[in-house]
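Okay, so here's the structure we're looking at.
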Amino acid sequence: MRTLIFGASGLLGRAVMRAFADSNVTGTSFRRQRPGLITVDATSSTAVWRALDQTRPDVVVNCVGERHPDVWANAPAQAYDLNVEAARLTAEAARHHGAHLLHISSDYVFDGIAPPYRPSSRCRPLGFYGRLKLLAEDMVRTVYPEAAILRLPVLYGPVEYAAESSISEITREVSSGRPVELDDVCIRYPTHVDDAAQVCRQLATAQVQGRLVGTVHHWSAAQGFTKYQMGLLIARHLRFPPRHITAGLGDLAGGDQPVDPRLDCTDLRVALSWPPENDRTLTDEVLHVIAPWARTACSCPDGERIYPINVRIGQRRP
Ligand SMILES: NC(=O)c1ccc[n+]([C@@H]2O[C@H](COP(=O)([O-])OP(=O)(O)OC[C@H]3O[C@@H](n4cnc5c(N)ncnc54)[C@H](OP(=O)(O)O)[C@@H]3O)[C@@H](O)[C@H]2O)c1
């Protein structure tokens with residue numbers, strides 16, 4: 001099976017590359033040029049078609065996207081191009097080349113009022129990002145009805161910079177010792193990026209083998225947390241007194257964040273024979289994820305010092 005992964009330098013794309021490492025896989029990047037990755041501008045039809053001409057994949061996994069709120073606010077056209085136009089171009093090229101397509105979407109296509117959400121549940125995004133992700137899904141379905149779409153919740157795992165995942169960002173805030181208010185209303189389901197990537201591999205394999213039933217799929221870890229609860233969990237693992245962390249309504253205030261967009265992934269679990277006990281949980285993985293981002297921690301507001309570099313890192317799961 002030949003696989004082409006668009007967006008292989010990103011948080012999810014790197015994990016998907018790891019998940020396909022023992023197979024014939026090619027990854028693309030754009031700004032982050034890395035050995036082994038080809039440079040492709042996914043907003044250029046010519047570049048996307050050339051990548052498929054060169055690699056002739058059986059399946060394309062599209063992990064290109066723009067999920068940074070500052071870009072949505074300051075460069076909405078760029079966010080549209082990456083989330084919607086690039087998805088359309090990739091779907092067109094994949095269909096023309098006879099390659100299967102797995103397109104990545106988000107739980108933000110739901111309003112979060114009546115969880116859990118099944119793949120067939122009505123979509124009603126509240127914010128700009130969710131609307132773009134839904135537009136992209138519609139584009140992909142129009143251009144390539146047989147393409148598979150995988151909706152994922154917030155991801156965490158090995159990151160290259162703190163802002164790459166909200167867990168590392170919260171760790172940085174919590175371990176700064178400065179007063180921090182974290183939203184305690186909106187519930188998120190942090191999912192390990194390597195679990196999501198394994199699901200991508202299994203879905204892509206099922207597509208190529210013609211075993212896939214349905215076009216929209218959901219995957220999510222089961223544990224839900226507010227950002228405040230994540231902050232407390234991180235502080236506890238850093239042995240950091242959490243007195244400087246307060247519960248707030250921050251994310252809800254803008255009205256563009258779903259309160260509880262929990263994804264029902266029963267159908268996909270059954271299809272992939274993936275029992276819940278196979279999932280990594282944030283509670284188990286938190287130490288691995290936070291360690292690199294807690295090393296600059298300094299004084300607590302009350303003068304106590306913490307030494308997170310001494311945090312004991314448990315055995316990683318294989
Ligand atoms: N991260 C999450 O929590 C999360 C949750 C649910 C769904 N998703 C979805 O999953 C997908 C991947 O997200 P991610 O977190 O991995 O994003 P990411 O870390 O920001 O990675 C984005 C990828 O897109 C590439 N890219 C940017 N501009 C490009 C261009 N003009 N042409 C080609 N490639 C370009 C980037 O390459 P360079 O960096 O090399 O420029 C990078 O490989 C997105 O669709 C996102 O909406 C993410």
Side-chain angles (χ1 to χ4, degrees), residues 4-19 27-48 50-51 60-72 75 77-87 89-91 93 101-110 125 127-137 139-140 149-170 188-197 199-200 217-221 227 230 258 261 263 265 282 289:
L4 176 60
I5 298 166
F6 282 100
S9 52
L11 177 65
L12 177 62
R14 296 194 304 273
V16 176
M17 286 295 283
R18 291 193 289 277
T28 80
S29 68
F30 185 55
R31 283 176 304 262
R32 284 178 272 185
Q33 296 179 7
R34 302 276 192 275
L37 298 183
I38 58 173
T39 304
V40 176
D41 180 356
T43 63
S44 153
S45 173
T46 314
V48 170
R50 193 185 311 122
V60 172
V61 184
N62 183 13
C63 299
V64 169
E66 180 51 75
R67 57 177 175 82
H68 295 103
D70 54 327
V71 180
W72 312 335
Q78 185 185 323
Y80 177 91
D81 283 349
L82 272 191
N83 285 303
V84 184
E85 185 59 8
L89 293 177
T90 306
L101 172 66
L102 174 57
H103 173 81
I104 307 298
S105 188
S106 160
D107 57 355
Y108 272 48
V109 298
F110 295 114
F128 182 61
Y129 175 64
R131 284 197 288 276
L132 291 185
K133 298 311 285 185
L134 185 57
L135 265 177
E137 287 189 12
M139 285 288 188
V140 168
I149 292 170
L150 175 63
R151 296 184 183 132
L152 296 170
V154 63
L155 301 172
Y156 69 93
V159 293
E160 293 186 340
Y161 56 96
E164 208 176 12
S165 96
S166 53
I167 307 295
S168 40
E169 207 155 44
I170 293 171
R188 299 292 176 258
Y189 297 84
T191 296
H192 199 288
V193 76
D194 286 332
D195 284 348
V199 168
C200 289
H217 306 274
H218 285 178
W219 190 259
S220 172
K227 281 187 181 166
M230 291 182 216
L263 299 174
C265 43
L282 180 62
V289 179

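Counting starts at 1 for both ligands and their atoms, following the listed order.
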Taking atom 22 (C) of ligand 1 as the reference point, the nearest protein heavy atom with its distance: G65 O, 3.6 Å
Minimum-distance protein heavy atom relative to atom 21 (O) of ligand 1: G10 CA, 3.3 Å
T39 side-chain N/O to F30 backbone N/O, donor-acceptor pair under 3.5 Å: no
R32 side chain near R14 side chain, heavy-atom distance below 4.5 Å: yes
Pick from L82, L132, L155: the one approaching atom 27 (C) of ligand 1 most closely through a non-hydrogen atom: L82
Main-chain N/O of H218 paired to S220 side chain as donor or acceptor, under 3.5 Å: no
Backbone or side-chain N or O of T43 under 3.5 Å from ligand 1 N or O: no
Closest protein heavy atom (residue, atom, distance) for atom 25 (C) of ligand 1: G7 CA, 4.2 Å
Residue, atom name and distance, where the atom is the protein heavy atom closest to atom 32 (N) of ligand 1: A42 N, 2.7 Å
Carboxylate-amine/guanidinium proximity below 4.0 Å for E160 and R31: no
Rounded distance [0.5 Å steps], OG1 in T43 versus CG in N83: 12.0 Å
Parallel, tilted or perpendicular, as decided by the 30° and 60° cut-offs, for the rings of H192 and Y156: perpendicular
Candidate pair L152 and L12, rule side chain to side chain contact (heavy atoms under 4.5 Å, CB included), full reasoning: CA-CA 10 Å; L152 296 170; L12 177 62; 3.9 Å; yes
Reported CG-to-OG distance for the pair L132 and S105, which is rounded to 0.5 angstrom: 10.5 Å
Close approach, K133 and ligand 1, non-hydrogen under 4.0 angstrom: yes
Spatial distance of atom CD1 (I167) from atom CE (M230) [nearest 0.5 Å]: 4.5 Å
Those atoms of ligand 1 less than 4.0 Å from some heavy atom in S29: 40 (O)
S105 near ligand 1 by a heavy-atom separation under 4.0 Å: yes
Whether R151 side chain and V109 backbone form a donor-acceptor pair below 3.5 Å: no
Atom 37 (O) of ligand 1: nearest protein contact (heavy atom, Å): S9 OG, 3.1 Å
Within-shell test, P153 vs ligand 1, heavy atom, strictly < 4.0 Å: yes
Taking atom 11 (C) of ligand 1 as the reference point, the nearest protein heavy atom with its distance: C63 O, 3.7 Å
Closest approach of any protein heavy atom to atom 39 (O) of ligand 1, naming residue and atom: R32 NE, 2.8 Å
Stepwise side chain to side chain contact (heavy atoms under 4.5 Å, CB included) test for M17 and L37: CA-CA 10 Å; M17 286 295 283; L37 298 183; 3.9 Å; yes
D41, any N or O under 3.5 Å of ligand 1 N or O: yes
D107: partners by side chain to side chain donor-acceptor pair (under 3.5 Å), with sequence neighbours left out: none
Close side-chain approach of K133 to P125, heavy-atom, < 4.5 Å: no
Heavy-atom nearest neighbour of atom 1 (N) of ligand 1 within options R67, H103, R151, Q78: R67
Proximal atoms of ligand 1 relative to I104 (non-hydrogen, under 4.0 Å): 9 (C), 10 (O), 11 (C), 45 (O)
Atom 35 (C) of ligand 1 - nearest protein heavy atom and its distance: F30 CB, 3.6 Å
side-chain contact (heavy atoms from CB on, under 4.5 Å) partner of V64, the single match among V40, L82, T90: L82
Polar proximity ligand 1 side, H68 side, N/O cut 3.5 Å exclusive: no
Per atom 33 (C) of ligand 1, closest listed option by heavy atom (L12, V40, T90, L11): V40
4.0 Å heavy-atom contact, Y129 with ligand 1: yes
Backbone or side-chain N or O of V154 under 3.5 Å from ligand 1 N or O: no
Test of proximity, L152 against ligand 1: N or O pairs below 3.5 Å: no
Distance-only N or O hit between ligand 1 and R31, under 3.5 Å: yes
